Every structure is written in C-alpha cells, then in structure tokens.
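Working notes, structure below.
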Amino acid sequence: MLLTEGPIPEGTDEALDGVLADGAAHLSDAERRDLHARYLGNLTWADACAATGVEFSSLPETTDDLR
C-alpha cells in the first residue's frame, strides 16, 4: 500500500512505474521493482488523515520540517 500526495490516476503498470520513478527516487531500481510487484493500491495522505482523525494541515511539508 502506498501513501501518496495525490491519487494514482490509473491502475496500469505504466502509471505505477511513472509514480514510483518520481515518488520513490530514493529507492534503487530493484527496490522499486519489488515494491511494484507487491503493490496493493494507494491512499492519499489526506484520506489517511481523515480516516485516523489527524489534521492534514498539521503534517510537515518535508522531514526537514521535523527538526
């Protein structure tokens, strides 16, 4: 399951490859292939916050904002 900024518009392999290339650039090619092979779906951060009662606006923009 991926948490993303926005929904992945298509459930195609090509769409997922594009999202992983951009959004998971910190992973190696092998790690991205492994993630793709086990992909279950995606949930946006806003939807995850709504489901858990966390204010989306309280999330940091980047991990640098946690310091």
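Throughout, numbering of the chain's residues begins at 1 and tracks the sequence. From a predicted model like this one, the values you see are computed outputs, not experimental measurements.
Cluster partners of Leu40 are absent, since no Ile, Leu, Val, Met, Phe, Trp or Tyr has side-chain heavy atoms less than 4.5 Å from it. Grouped by direct or indirect side-chain proximity (heavy atoms under 4.5 Å, Ile/Leu/Val/Met/Phe/Trp/Tyr only), Val19 sits with Leu2, Ile8, Leu16, Leu20, Leu27, Leu35, Tyr39.
For residues 20-29, the set of pairs meeting the salt bridge (Lys or Arg N to Asp or Glu O under 4.0 Å) definition, not counting sequence neighbours, comprises Asp29-Arg32.
With sequence neighbours left out, the side chain to side chain contact (heavy atoms under 4.5 Å, CB included) criterion links Asp13 to His36. Residues that satisfy the salt bridge (charged side-chain N to carboxylate O under 4.0 Å, His left out) test with Asp17, not counting sequence neighbours, are absent from this structure.
The nearest pair of heavy atoms linking Asn42 to Gly6 is ND2-O, 3.5 Å.
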Side chains of residues 47-59: which donor-acceptor pairs under 3.5 Å do they make with residues two or more places apart or in other chains?
unit_1, atom_1, unit_2, atom_2, d
Asp47, OD2, Thr44, OG1, 3.2
Thr52, OG1, Ala48, O, 2.9
Thr52, OG1, Cys49, O, 3.3
Ser58, OG, Glu55, O, 2.6

